Amino acid sequence: MDDALIRTALPVTAATATALACLLTLTGCAPDDTWGGSGSDVTESPSVPTGGANPRTALAAADSLDVKGRAPRTGYARDRFGSAWADTDGNGCGTRDDILKRDLRGTAFRGGDCVVLSGTLSKDPYTGRAVRYVRGRSKVDIDHVVALSDAWQKGAATWPGRKRVALANDPLNLIAVDASANRRKSDGDAATWLPAYKAYRCAYVARQVAVKKKYGLWVTRGERDAMVRVLNSCPAQRLPSGGSPTEAPARFSAK
């Protein structure tokens, strides 16, 4: 949002400016641009400084992404990103269970503290509802925020296999979500799909931007425009960071 739209004779705090931005947009966002319902490390950043976007914000990062056309999906298969839920961090648990442990509450395990048998997603990022997880008949999926097939069409097709394995198992790119909402998303990008739960859209798009920037993936023009539209409603939204290295250990491979 243009800073000129938020002016007053009194000082304006970051929280006030963000709340006004939310009221003045149709995209919707949480009042303080934070999200803690799904293990997210997205938090509120300082106000965008006068004279330009804060370089630490998701909005500034979105504007810096390379823009290209979508490449063909030819050659894509899930195993091009390695076997599913590989234990790339070497903690003895598969990636799926790592994310379930991070995002669910009230978890129960099958022996030890690795295999998650049950728990509750207290506020699903995509619908805003509580979702119960029971192993074997789960209504919870682990979603790649940047879908693997989308990544394939925007740079990953030319990567070495270990980089693709890293992306598929990077906690920065993974969240527990309602299974039915995840199926509706499919491999959509920000131009074709956004969470129905508007309070999560800023954090969701910020995480997509962070993953694409971290791995050097490009975006289409329509995708970048959609990202910017959402993030204009929360210009102080911080770019999340962390996750795993961008190359999996040498013991992993992909076709």
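Values in this document were obtained by computation on a predicted structure and should not be read as measured data.
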The residue among V116, D141, L121 that forms side chain to side chain contact (heavy atoms under 4.5 Å, CB included) with Y133 is V116

What one should report as the nearest heavy-atom pair of R207 and P171 is NH1-O, 3.8 Å

Quiz prompt | Side chain to side chain, V211 and L167, heavy atoms closer than 4.5 Å | solution = yes

Closest non-hydrogen contact found for A62 with V209 is N-CG1, 3.6 Å

Close side-chain approach of I142 to T95, heavy-atom, < 4.5 Å:
no

Residue pairs meeting ring-ring contact (aromatic ring centres under 6.0 Å, His included), one or both in residues 211-241, sequence neighbours left out, come to W159-Y215

Practice prompt. Count the heavy atoms belonging to other residues, nucleotides or ligands that lie under 6.0 Å from CZ of R221, then report whether that count exceeds 12.
Written response: no

Only residue of F81, W152, W85 satisfying ring-ring contact (aromatic ring centres under 6.0 Å, His included) with H144 is W85

Rounded to the nearest 0.5 angstrom, the OG1-CG distance for T246 and D170 is 8.5 Å

Original post:
Looking at side-chain heavy atoms only, is the closest gap between L148 and R164 below 4.5 Å?
Top reply: no

query = T57 and Q237: side chain to side chain contact (heavy atoms under 4.5 Å, CB included), yes or no, with the steps?
reply = CA-CA 6 Å; T57 65; Q237 181 77 42; over 6 Å; no

Residues joined to V134 in its hydrophobic cluster, side chain to side chain under 4.5 Å directly or through other members, sorted by chain and number, are none

Here the gap from D189 atom CG to E223 atom CD, rounded to the nearest 0.5 Å, amounts to 4.0 Å

Next item on the list: Could you check if a side-chain atom of S233 sits within less than 4.5 angstrom of a side-chain atom of C202, using non-hydrogen atoms only?
Entry: yes

CG of N91 to CG of D98, rounded to nearest 0.5 Å, is 4.5 Å

**Study point:** Test item: D87 side-chain N/O and G92 main-chain N/O as donor-acceptor pair under 3.5 Å
**Key:** yes

For P245 and A166 the tightest heavy-atom approach is O-CB, 3.5 Å

Result for side chain to side chain contact (heavy atoms under 4.5 Å, CB included) between V205 and one of V228, V145, L194, L59 points to L194

Query raised in the report: Would you call K212-D66 a salt bridge at under 4.0 Å N-O?
Result: no

Flag yes if I99 and V165 sit in one hydrophobic cluster, no otherwise; membership is Ile, Leu, Val, Met, Phe, Trp, Tyr, and two members link when side-chain heavy atoms are under 4.5 Å apart. no

Report the C-alpha separation of L174 and R96 in whole Å, then their side-chain angles, then the decisive distance to 0.1 Å, and conclude whether the side chain to side chain contact (heavy atoms under 4.5 Å, CB included) test is met. CA-CA 9 Å; L174 297 168; R96 176 180 172 80; over 6 Å; no

Sorted by chain and number, sequence neighbours left out, ring-ring contact (aromatic ring centres under 6.0 Å, His included) with Y126 holds for W193, Y204

| query | Any side-chain heavy atom of L117 sitting closer than 4.5 Å to one from F109? | reply | no

* Asked: Counting only heavy atoms not in R137, do more than 12 sit closer than 6.0 Å to its CZ atom?
  -> no

- Do the non-hydrogen side-chain atoms of L239 and R56 ever get within less than 4.5 Å of each other? no

Separation between CZ (R162) and CD (E247), nearest 0.5 Å, reads 4.0 Å

>> Tell me if a side-chain donor or acceptor on K68 pairs with a main-chain N or O of G155 at a distance below 3.5 Å.
In response: no

Between the CG atom in D187 and the OG1 atom in T192, the distance rounded to the nearest 0.5 Å is 7.5 Å

**OP:** Give a yes or no on whether the backbone of T88 and the side-chain of N169 come within a donor-acceptor separation of less than 3.5 Å.
**Re:** no

Side-chain contact test, heavy atoms from C-beta onward, threshold under 4.5 Å: evaluate it for N173 versus K214 and give yes or no. no

Problem - R201 side chain vs P195 backbone, donor-acceptor pair below 3.5 Å - result: yes

Closest heavy-atom pair, K154 versus T220, reported as atoms and distance to 0.1 Å, is CE-CG2, 3.9 Å

Taking every heavy atom of L217 against every heavy atom of A151, the minimum-distance pair comes out as CD2-O, 3.6 Å

Interatomic distance, NZ@K123 vs CZ@R105, rounded to 0.5 Å, equals 12.0 Å

| Would you call R110 and D97 a salt bridge, taking side-chain N to carboxylate O under 4.0 Å as the test? | no

| message | Is any side-chain heavy atom of D63 closer than 4.5 Å to one of R224? | response | yes

Check: Looking just at side-chain N and O atoms, do S64 and K213 make a donor-acceptor pair shorter than 3.5 Å?
Finding: yes

Note: A226 and A190 closest approach over all heavy atoms is CB-O, 3.5 Å

